[in-house]
Amino acid sequence: MTAYIARRLVLLPIVAFGVTLLIFILLQLLSPTMRAALFVTDPRQLQALHEIIKTYQLDAPFYIQYWNWMKAVFTGNWGWSETARMPVLQAIKSFFPNTFELALLSFIPILLVGIWLGTLSAVHRDRIIDHLSRFFGISGYSLPTFIWGLFLLMLFYGHFRWFPPGRLSLEASLYVNSPEFRRFTGLLTVDALLNGEFWIFVDALRHLALPVLTLTVHDTALLVRITRSSMLEVLRQDYVRTARSKGLAEPVVINKHARKNALIPVITLSSLLFVGLLGGVVITETVFEYPGIGRWGAAAALHLDIPAVAGFALFFATLTVFGNLVADILYAYVDPRIRLR
Amino acid sequence: MRRTIGGMVTLVLVLSLVFLTGVPSSAQAVKNPDTFILATIGDPETLDYAWAYDTASFEVIFNVYDTLIFYDGSRTDRFVPGIATQVPSVANGLISKDGRTYTFPIRQGVKFHDGTPLTPEDVAYSIRRFLWIDRAGGPSSLLLEPILGVASTRDEKGNIKVTYSDLTRAVRVQGNNVVITLKEPFGPFLSIMAQWSYVVSRKWAAANGDWDGTRETMRKFNNPKKEDTAFFAKANGTGPFRLVRWDRAAREVILERNDNYWRTPPKLKRVIIKTVEEAATRILMIKAGDADQIALSRRELPQVQGVEGVRIIDDLPQYLISPAVFFTFEIDPTSPHIGSGKLDGNGIPPDFFKDVHVRRAFAYSFDYGAFLRDAYRGKGVVPKGPIPPGMLGYNPRQEYYTYSKEKAIAEFREAWGGRVWANGFKLTILYNAGNVPREIGARMLKENIEALNPKFKVDIRALPWPTYLAEMDAHKLPVFFIGWLADYPDPHNFAFHFLHSKGTFPFVQKYANPEMDKLIEQAKSEPDPKKREALYFKLVDMAYKEVPQLYLVSPVVFTVLRSWVRGYYYNPIHPGTYFYPISKG
């Protein structure tokens, strides 16, 4: 197992190198004047265009730009993100915990509800519960997040005023940014509890409620569908029939024999879903004015913010490799055959 | 099955939206009575007064720092003292007879936010630093031009051409005064100073690693990257509010009242300027009273009209000509937008627009009234030249172009000795993608021109900003849309950049008219406002006859406030909301 993990980790630098090199090569398809658009946003700066290109060395060949960037990365300097108005590393450090918190809080209900409802649906195939869950599976997944998000915002903020957008309310934000509040993890809910400030915890949860709900509905729907079809597949297998015929109680058959085997595709999907959530959920973060990493990554790509895009890619590549690794380890856990191989 | 489900979901959604928007927000007590929250779009670029050149940055800067003189309320032609105790004039002897020397007596007892007193040396340092920073594409040229007579501190090759003694000779401390000597008389100088003479602390700058004001250390502070200046995200001003924090992750700027302000301290205790990208979220925030003012586009305005507790102030004038239509006089022959590159009915020659009849024909082909109505809901004015209405030099009696099919045909028949009419042409009109008014304008121009002669073929194309910028710079756009917002409220700012051969647009258009250049130089140095006005009248009339550009709209704007906001006023040259006079309740 250790050798297996090590083999996987060796892949990491190769993936990172490939991804970032690709970004630098792709950006060369744009002329230096086009890349200068990051800095020239107003016609008043038109005459300075060529000086700006020189100042930021936008006309240097890509291998020189890439080499300079690589050298800097190895010394811990990932460059300056113009869209975040801060260094790339600092941007990742300040946006990622927010997204991580959102992803984590969404992922737990997604996983629990998804697998539970999917199983239920498969076991009670073609009964009312199955119809309802299939309806949920299709509608939840096909409803665009921006409509669903805005709808929730209008209902729970516009009408009921329960769950406001943003990260924290005014008073909470002022307190959290004061020296009295200590940051331990960067996750606001956790830090609030560690500081013993329960009202901050509640405030943070109130702001997380709607984005979490939006994401949960969307991704749970997907998981329900996958779990259901995988379960149906497994329930048709001989060993399930054997289990039943030897007189095992139905819950044991379902939970021990069937579900464990049905989980392989579910794990694959879940790890992808989680990495996807971590990579940022641009629309949800934008609608709820949530300062996450996805909003930044999208803005950076849109404005051709090269160091930011490269840094984001590097970070995300690392995340994906680790996400896949975790999924592989979990496969081995649920399926002994994989472990033995 | 799938379709019915989708239909049901849509129905539920629509019904709930109708139900929700139909609920009036109930009257509320003033929320956060001593905090003002502005939900806006776009983050500041930097908080460095010498680096920034965008309104989002200056909306913060001009609330945190003071200028030597300031605009008088909503007026842009009258000034009140700021850090200077008097507004210089020839009458009070603070402007020399030759119009080149300006004396600013510096106010005593003013303290920076860190408690240190402001000195005339700080003032001189601040102005010298503004001149010296001169980042590529930055605002320094606004003061470099009048004071040192150069557009940049560097020559074309990037070598420094301004010396330390140039700076100290032009900006001097004399006792309690700061004296500035201009290269030559410059009419708009005071109106530039009212906007661009922010005063910072030299000591604080040096302590934070910025230029200390000496010759020895100056070199590395010329054309710096924005993140390398001490003023980027920190501030130590004398203004009504002090900067608590620019939280770039949460995208908000937090200001707090300066209790030691040299005038009466502001009524608001705190100001929060927050970037909220999604318009729907901003609208919900103002409805809930969680924002006191929001930015909104005219398309979204109806959603807050008639909402209880929300006040809309509309028809606010701007010093803005946008969009204008530009013709390129020498198009790059490799341009993909000129078809065959010949006057054979399948393209245009690169110098197509050098014939004034072509330009006039285009001018007569545009329906200005319909454009104002369709693209701006009638909210604006069709300007009679490149100088916006309300500014010195704007002539309400100036002749201007109106839509006329007959005149357009007559001009096209004369163009290129009749060959344009006989052969026809093909070209592309371009605008930057996502700009709806410009798209409407381009479409109107296309339809009107194509209706004149079946041999006229006009394509319209939207380019994303980077491509648009690159092709504009390469002189590849035959006809394109763009606009200009005033740097300072003086006609020179418009006259120069629209019509002077060294201005921004003629540079892109490859247009030069020595006679106009002379008039602009002359008007710039003319001290007598009446004579200056006459010169601008003449210039604008020349622009009318020459038609290097079409000036489509000077739009008016609006702002959305909570009704509990008191004391708000608008000044067209302010970069944003001036929080000093505001209170809530």
Side-chain angles (χ1 to χ4, degrees), chain A residues 30-52 54-56 80 82 84-87 90-91 94-95 98 135 138-139 142-143 147-148 150-151 153-155 157-159 161 164-170 173-174 177 286-289 291 295 304, chain B residues 2 5-6 8-9 13 16-17 20-21 23 32 35 37 43-46 53-54 135-138 152 154 158 223 225-227 233 245 247-252 254 272 274 276-278 280-281 284-285 287-288 290 465-467 469-470 472-474 482-485 487 497 504-505 507-508:
Chain A
L30 307 171
S31 70
T33 24
M34 285 161 83
R35 275 177 271 139
L38 174 64
F39 306 98
V40 181
T41 49
D42 191 293
R44 294 188 286 195
Q45 298 167 299
L46 265 173
Q47 281 171 301
L49 194 59
H50 294 276
E51 205 181 359
I52 286 171
K54 235 186 283 163
T55 305
Y56 294 94
W80 176 261
E82 184 56 36
R85 318 275 199 257
M86 55 177 117
Q90 193 191 330
S94 45
F95 293 127
N98 293 336
F135 172 79
I138 291 168
S139 60
S142 29
L143 202 61
I147 293 189
W148 179 233
L150 275 178
F151 170 73
L153 193 66
M154 282 175 161
L155 186 66
Y157 175 57
H159 188 65
R161 307 271 151 88
R167 187 75 176 94
L168 283 174
S169 67
L170 180 58
S173 154
L174 290 171
N177 284 295
T286 306
V287 168
F288 295 104
E289 203 43 49
R295 210 173 59 168
L304 306 178
Chain B
R2 214 166 263 238
I5 291 171
M8 267 168 62
V9 173
L13 206 76
S16 8
L17 286 183
L20 284 174
T21 43
V23 177
N32 312 312
T35 301
I37 302 172
D43 309 290
E45 285 261 349
T46 164
Y53 202 8
D54 62 303
R135 63 107 171 169
S152 167
R154 298 171 296 275
N223 194 18
K225 294 209 170 142
K226 76 157 76 158
E227 60 271 30
R245 183 172 70 246
D247 189 334
R248 283 158 283 152
R251 300 177 83 181
E252 61 186 18
I254 301 179
I272 295 174
K274 207 171 163 27
V276 179
E277 249 161 53
E278 180 60 47
T281 313
L284 290 173
M285 284 173 77
K287 283 184 176 170
D290 288 333
W465 177 252
T467 322
L469 185 69
M472 203 188 302
D473 177 66
I482 202 155
W484 185 268
L485 177 69
D487 292 310
H497 288 291
T504 297
F505 297 130
F507 161 83
V508 175

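So you know, we letter chains A, B, ... as the sequences are listed, proteins then strands, and number each from 1.
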Taking every heavy atom of B:Leu469 against every heavy atom of A:Ala37, the minimum-distance pair comes out as CD2-CA, 3.7 Å
If one checks every heavy atom of A:Arg44 against chain B at 4.5 Å, the contacting part turns out to be both
Q) Would you say the side-chain atoms of B:Thr504 and A:Gln47 include a donor-acceptor pair closer than 3.5 Å? A) yes
When the 4.5 angstrom heavy-atom criterion is applied to A:Leu153 and chain B, the contacting part is both
Between B:Arg251 and A:Glu289, does any NZ, NE, NH1 or NH2 come within less than 4.0 Å of an OD or OE carboxylate oxygen?
no
Open item on the list: Hydrogens and angles aside, do A:Thr41 and B:Asp54 bring a side-chain donor and acceptor to less than 3.5 Å of each other?
Closed with: no
Scored by heavy-atom pairs under 4.5 Å with chain B, the best of A:Leu30, A:Val40, A:Leu168 is A:Val40
Minimal heavy-atom distance between A:Met34 and B:Ala470, with the atoms involved, is CG-CB, 3.6 Å
In terms of heavy-atom pairs under 4.5 Å with chain A, the winner among B:Asp247, B:Leu485, B:Thr46, B:Asn223 is B:Asn223
Chain A shares the most heavy-atom pairs under 4.5 Å, among B:Glu278, B:Glu227, B:Glu45, B:Glu277, with B:Glu227
Quiz prompt | Exam field: side chain B:Trp484 to backbone A:Pro43, donor-acceptor pair closer than 3.5 Å | solution = no
Applying a strict 4.5 Å limit to non-hydrogen atoms, the region of B:Tyr53 in contact with chain A is both
Separation between CG (B:Asp473) and OG1 (A:Thr33), nearest 0.5 Å, reads 6.0 Å
Honestly, the part of B:Glu252 sitting under 4.5 Å from a heavy atom of chain A is side chain
- Message: Is it the case that the side chain of B:Arg248 and the backbone of A:Arg85 share a donor-acceptor pair, with hydrogens and angles ignored and the cut-off at 3.5 Å?
- Response: yes
Heavy atoms of B:Ala280 and A:Leu150 approach each other most closely as CB-CD2, 3.5 Å
The reported gap from NZ in B:Lys226 to CZ in A:Phe39 (rounded to nearest 0.5 angstrom) is 8.0 Å
Most heavy-atom pairs under 4.5 Å with chain B, out of A:Tyr157, A:Tyr56, A:Phe95, belong to A:Tyr157
Most heavy-atom pairs under 4.5 Å with chain A, out of B:Thr35, B:Asp487, B:Ile272, belong to B:Asp487
Turns out that what part of A:Ser31 lies under 4.5 Å from chain B's heavy atoms comes down to side chain
From the list A:His50, A:Lys54, A:Arg35, the residue making the most non-hydrogen contacts under 4.5 Å with chain B is A:His50
Of all heavy-atom pairs linking A:Ala48 and B:Ala136, the shortest is CB-C, 4.0 Å
Interatomic distance, CE@A:Met154 vs CG@B:Leu284, rounded to 0.5 Å, equals 6.0 Å
dist B:Lys287:NZ -> A:His159:NE2 (nearest 0.5 Å) comes out at 12.5 Å
The interface call for B:Met285 against chain A, heavy-atom contacts under 4.5 Å, is both
The interface call for A:Leu38 against chain B, heavy-atom contacts under 4.5 Å, is neither
Answer key: most heavy-atom pairs under 4.5 Å with chain A among B:Ile254, B:Thr467, B:Ile37, B:Val508 is B:Thr467
Discussion item. Under a 4.0 Å threshold between the charged nitrogen and the carboxylate oxygen, would A:Glu51 count as salt-bridged to B:Arg154?
Written reply: yes
Separation between CG (A:Asn177) and CZ (B:Arg245), nearest 0.5 Å, reads 3.5 Å
